[in-house]
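To start, the structure under review is shown below, and the notes come after it.
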Amino acid sequence: MTNHSKLVRERVMRQVSRNLLAGLMIVVGAWSGAATAAGSTLRGISYDSLPGGRVQLHLSFAGTVPEPKIFTTGNPPRIAIDFADTDNTAPRHTDLSNGVATGVTAVAAGGRTRVVVDLIRDSSYRTSIAGDTLNLTINNGSDAGNTTTAATIDPSKALPSAMNGPAVSSIDFRRGPNGEGRVLIGFNGTGANVDTHRQGDKLLVTIDHANLPPNLAQRLDVLDFATPVQSVVTRSGGIGGGGARMEIAIKGNVDTSSYQTGQQYVIEVAPKKQDAQSAKGQEPVYSGNRVTFNFQDIPVRSALQLLADISGLNLVASDTVSGSVTLRLVNVPWDQALDVVLRAKGLDKRRNGNVIWIAPQKELADYEQSVANARQKAEDNAELVTDYVPISYGKAKDIAKLLTSGSQSATGSGGGGSGGTSSGFLSMRGSVSFDDRTNTLLLNETAEKIRQLRAMIAVLDKPVQQVLIESRVVIATDSFERDLGAKFGISATRNNMSPGGGGNVISTGGGLVTNATTGATGTGGLNVSLPPANTAGSIGLSILGKNFALDLELDAAQIEGRGETISSPRVITANQQEAVIRQGQEIGYVTYQNSTSSAPGAGTATVAFKDAVLELKVTPTITADGRIYLAIDVKKDALDKMINVPGSGQVPLIDTQEVNTSALVDNGQTVVLGGIYQVTKLNNVTKVPGLGDIPGLGALFRSTQRQNDKAELLIFVTPRILSQNLQ
C-alpha cells in the first residue's frame, strides 16, 4: 500500500468516526426524507409544555411508528428510546429547558435510531401513539422515587408482547478475579430489553419483551462467593404482566455496571475502586464520563474512534487492529468501556500525555522490548567519563557502599575501587572509588549515569541534626519515727533486831537501800529498764518513804525528716548516635586471696573498685514529622554502707536505681519516663512478758518504736532539636 493510499484511508476513517459520534454511519442521501423499504424514518421532534411542570415530546415518523424499546439511566438521568430499522432526518439535538428535560438528541447508526432525553433528575414517564406520532409525557420529577413506567398505547398500534420475544435461557453467577460479583443472563435470541437501576441496597433489573421459564424463577444464595452480591431473586412479571424482574441484594460501597455482548447480558457489582486499589495496589480507577452504548457487530476501529471523540483524547490504532464487537454498556465510565473493548479483542493501550496508542498485546510487548534493547545498547556504547564528588558531612566509604554492594575496598593509601559487574546503582561498566584522606568519591560512569548519581548523593550528603537531651533525676525521701520507753525500780527495807543488840538491815527490791545501824544509804538500781532506741527527752520521778523507795524515768523521741536529691545531666548528640554521660565516684575496697577466718588479712591483697555514678545513655531518632524517638537508659547508684566479709575485709553495698525504656516525644516536650515509689513501715515493741500486756499499767513494762519511711524516684527528660533548618 502506497503512502497516498494510506493517507486516503486515514481520511476516510476520520470521516467515519465523526459520523459515529452522531450515531455511527448516519444515512444522509437522496432518500433521507422517506422511509426505507423495510422500515420508517424519524422526521421531526417537537414538544409542548403541560400543567404541573410536565413536558410532552412528539416524535413524528414517515410511515408507521416502529416498536420503541425504552430504558432509563440514573447517573446521569436519561430516557433512551431505540427504534429498529429506522432512519433519522430530524435535527440531531433540540434544546428543551422545560420541566426536568434539558434537551433531546436523535442519532441513527447501524439501521436503527436512538432518541436520548437528558433530564435534571430521575422522573417517571408515559408513552402513547397517535397516528404516525409517538408521544412521550415526562413528569416533573416529584415522583422520581417511583421508577416504574406506564405506557398507554393505541390498541391498533399495540406493541408486541413478551411472548413474541426471546426467552431467558440461563441465569448464572460468577466471582470475578478482583472480588466482583457478576450476574449473567442468557437469551436464546435477540430483542430483549433490559433496564438496570439501583434502589437502596438492591439492584433492580427489569427484563421486557422476553419470556422467563418457570424453572428459572428462583432465588440464588451467593453469600459464599465473598462478593458484594448477597442474593439474586428472579420473578416473572415485568411491565405489562410479561417479562421478568430481578432483585440483586448488595452490601457495602460498590460500583455497578452492566453491558451486553451477543445474547448475554452481564451485570457487574464490584467494590469501590479505591478499596480494590488499596487491597491490590494496582487496580484501575475509572473516572471518565459515563456513557451508554448498544451496538451489534460494530467495527472495533469505529468503536475506538467513538470513544476517542467522547474522551477528547488523541487515539492511534495500529493497522493490525481489526474485527467487530457487540456492545451493550449502560451507564459506565468511558475509560471502563475502552478497557472492555480492549479485553474483548485481546488489545492493550499505552498512554503518553493525551495520546493513546492501541495495538495487540504482543505487538506492544515486542515494541517495548525493542525500545529497552535499544536503550541498553546505547548505554553500553556510551563513553565513560570520570567525575570527583567531595563528601561534606558523611563518609565517602559509607556512600560508596550504598552505591555498590561488596565490590569496593580501601587500600593502604586510602582508596578503593569496584567495577566489571552490575552492582547497586552502577551500570555494567561503571565503577566507584573513594579516598579516605580527602573524603572524596571517584566515579567512572556514563554522563547520564553520573548526573543521576550526583542527584542521589546530594540527597544523602546532608548535615545530621543535633539533639539536646536534658534530664532530671529526682529522689525525694520522707521519714517519720516515734519512740517511747520507761525505766523504773522499787525497793523496801525491814528492821530485824537480834537479841544480842546488833541491828541488821535486810533489804528487798532494787531501790534505795539504807543501813539502819550505820546510817549509810545507797541506791539499789532500777528493776525494769526498757529505754527507746532514740531519746529526745526524759522525765524522772523518785518517791522516798520510811521503808521504801520508788524510781521512775520516762523516755520519748519523735524524729521527722524530709530530703530531696536532684541530679540534672544533659548531653548533645547527633541524630541516631548514642551519647553517654557519667558522673560519680569509684569506691575502692581490698580483698584477700587465700586467707582464712582464723587469720584474716594474711592472704594476697587485691584492690578492686565499684562504680557509684549517675549515668545517662540515650540514642535519639528524629522522625519525619519533627518528633523524637528516644532509646534511653538512666542509672543512679549510691554507696549505702561497707559490709564485713569474713577473711576478705570490707566490700561496698551499692544502692542502684535505673530506668531503661523507649519513648516518642515531641520536640521540647518534657516527659516522665518512670518512677519508683517505696514505702517502709516498721513497728517494734519490746516488753516484759505478761506485765507488758496489762491494760494501762503495761505501758511501764514495754518500749515501742514506730517508723514510716517513704522514698520516690522520678526521671524527667526533655529533648530539643538544635538544627531543624538544615538542608
Side-chain angles (χ1 to χ4, degrees), residues 14 17-24 71-80 93 102-103 105 107 109 114 116-122 176-180 182 196-198 203 228 253-261 266-278 280-295 298-317 321 325-359 361 364:
R14 284 197 295 269
S17 301
R18 295 190 185 97
N19 294 338
L20 284 174
L21 179 61
L24 290 176
F71 63 93
T72 62
T73 62
N75 187 15
R78 290 174 178 171
I79 299 175
H93 183 77
T102 60
T105 302
V107 292
R114 169 170 293 180
V116 178
V117 183
D118 296 323
L119 306 176
I120 299 176
R121 55 184 176 273
D122 291 341
N178 300 317
E180 66 270 18
R182 294 175 179 171
T196 304
H197 63 275
R198 184 171 179 177
L203 202 62
N253 195 10
V254 298
D255 284 328
T256 61
S257 61
S258 58
Y259 56 91
Q260 183 173 353
T261 58
V266 181
I267 304 168
E268 185 173 290
V269 182
K272 277 292 187 182
K273 292 301 179 180
Q274 293 81 356
D275 299 336
Q277 186 178 19
S278 62
K280 292 285 186 178
Q282 57 185 5
E283 292 299 322
V285 177
Y286 300 115
S287 58
N289 295 330
R290 294 185 176 270
V291 296
T292 298
F293 293 144
N294 188 357
F295 299 121
I298 182 176
V300 174
R301 303 180 69 89
S302 299
L304 293 176
Q305 186 60 49
L306 178 60
L307 290 170
D309 293 336
I310 294 174
S311 65
L313 299 176
N314 298 315
L315 186 145
V316 178
V321 176
V325 64
T326 298
L327 293 175
R328 177 176 172 82
L329 302 173
V330 179
N331 196 27
V332 298
W334 70 263
D335 43 357
Q336 184 179 7
L338 177 61
D339 284 350
V340 170
V341 174
L342 298 182
R343 286 198 302 265
K345 304 304 294 184
L347 305 175
D348 204 350
K349 66 178 184 295
R350 296 294 183 269
R351 180 168 179 172
N352 185 8
N354 64 342
V355 178
I356 298 178
W357 177 32
I358 295 177
Q361 295 177 356
L364 287 177

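The residues of the chain are indexed from 1 along the displayed sequence. All figures in this text were calculated on a predicted structure; none of them were measured in a lab. Note that these values count all heavy atoms, side chains included, but never hydrogens, waters or copies made by symmetry.
Here NZ of Lys345 is found 13.0 Å from CD of Gln361. Values are rounded to the nearest 0.5 Å. Interatomic distance, Leu203 CG to Ile267 CD1, rounded to the nearest 0.5 Å: 6.0 Å. Here the CG-CZ distance, from Leu119 to Arg78, works out to 9.5 Å after rounding to the nearest 0.5 Å. Of the inter-residue distances, the one linking Arg351 atom CZ with Ile356 atom CD1 reads 5.0 Å to the nearest 0.5 angstrom.
Applying the side chain to side chain donor-acceptor pair (under 3.5 Å) rule to Asp348 yields the partners Arg350; only residues at least two apart in sequence or on another chain are considered. Taking the salt bridge (Lys or Arg N to Asp or Glu O under 4.0 Å) definition, one finds that Arg114 meets it with Asp82, sequence neighbours left out. Asn354 pairs by the side chain to side chain contact (heavy atoms under 4.5 Å, CB included) definition with Leu313, Asn314, not counting sequence neighbours. When the side chain to side chain donor-acceptor pair (under 3.5 Å) test is applied to Asp339, the partners found at least two apart in sequence or on another chain are Tyr286, Lys349. For Ala359, the side chain to side chain contact (heavy atoms under 4.5 Å, CB included) criterion is met by Ser318, Trp357, Glu363, Leu364, not counting sequence neighbours. Residues passing the side chain to side chain donor-acceptor pair (under 3.5 Å) test with Thr292: none are found, sequence neighbours excluded.
Residues Leu307 and Leu315 form no side-chain contact, since every pair of their non-hydrogen atoms from C-beta on lies 4.5 Å or further apart. Between Thr196 and Thr256, every side-chain heavy-atom pair lies at or beyond the 4.5 Å cut-off. Between Val355 and Val316, some side-chain heavy-atom pair lies under the 4.5 Å cut-off. Contact check for Phe293 versus Ile298: no side-chain heavy atoms found under the 4.5 Å cut-off.
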Run the side chain to side chain contact (heavy atoms under 4.5 Å, CB included) test on Val341 and Leu347 for me, step by step, so that the C-alpha distance in whole Å, both residues' side-chain angles and the decisive distance to 0.1 Å come before the verdict. CA-CA 8 Å; Val341 174; Leu347 305 175; 5.6 Å; no
After noting the C-alpha distance and the side-chain angles of Val340 and Val332, does the key distance pass the side chain to side chain contact (heavy atoms under 4.5 Å, CB included) rule? CA-CA 10 Å; Val340 170; Val332 298; over 6 Å; no
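Using modelled atom types, one side-chain atom of Thr102 and one backbone atom of Asp118 make a donor-acceptor pair closer than 3.5 Å.
Nearest heavy atom pair, residue Val254 against residue Pro228, reads CG1-CB, 3.4 Å. Pairing each heavy atom of His93 with each of Gly103, the nearest pair is CE1-CA, 4.2 Å. Nearest heavy atoms, Arg301 versus Ala317: NH2-O, 3.8 Å. Looking at every heavy atom in both residues, Trp334 comes nearest to Ile310 through CB-CG2, 4.5 Å.
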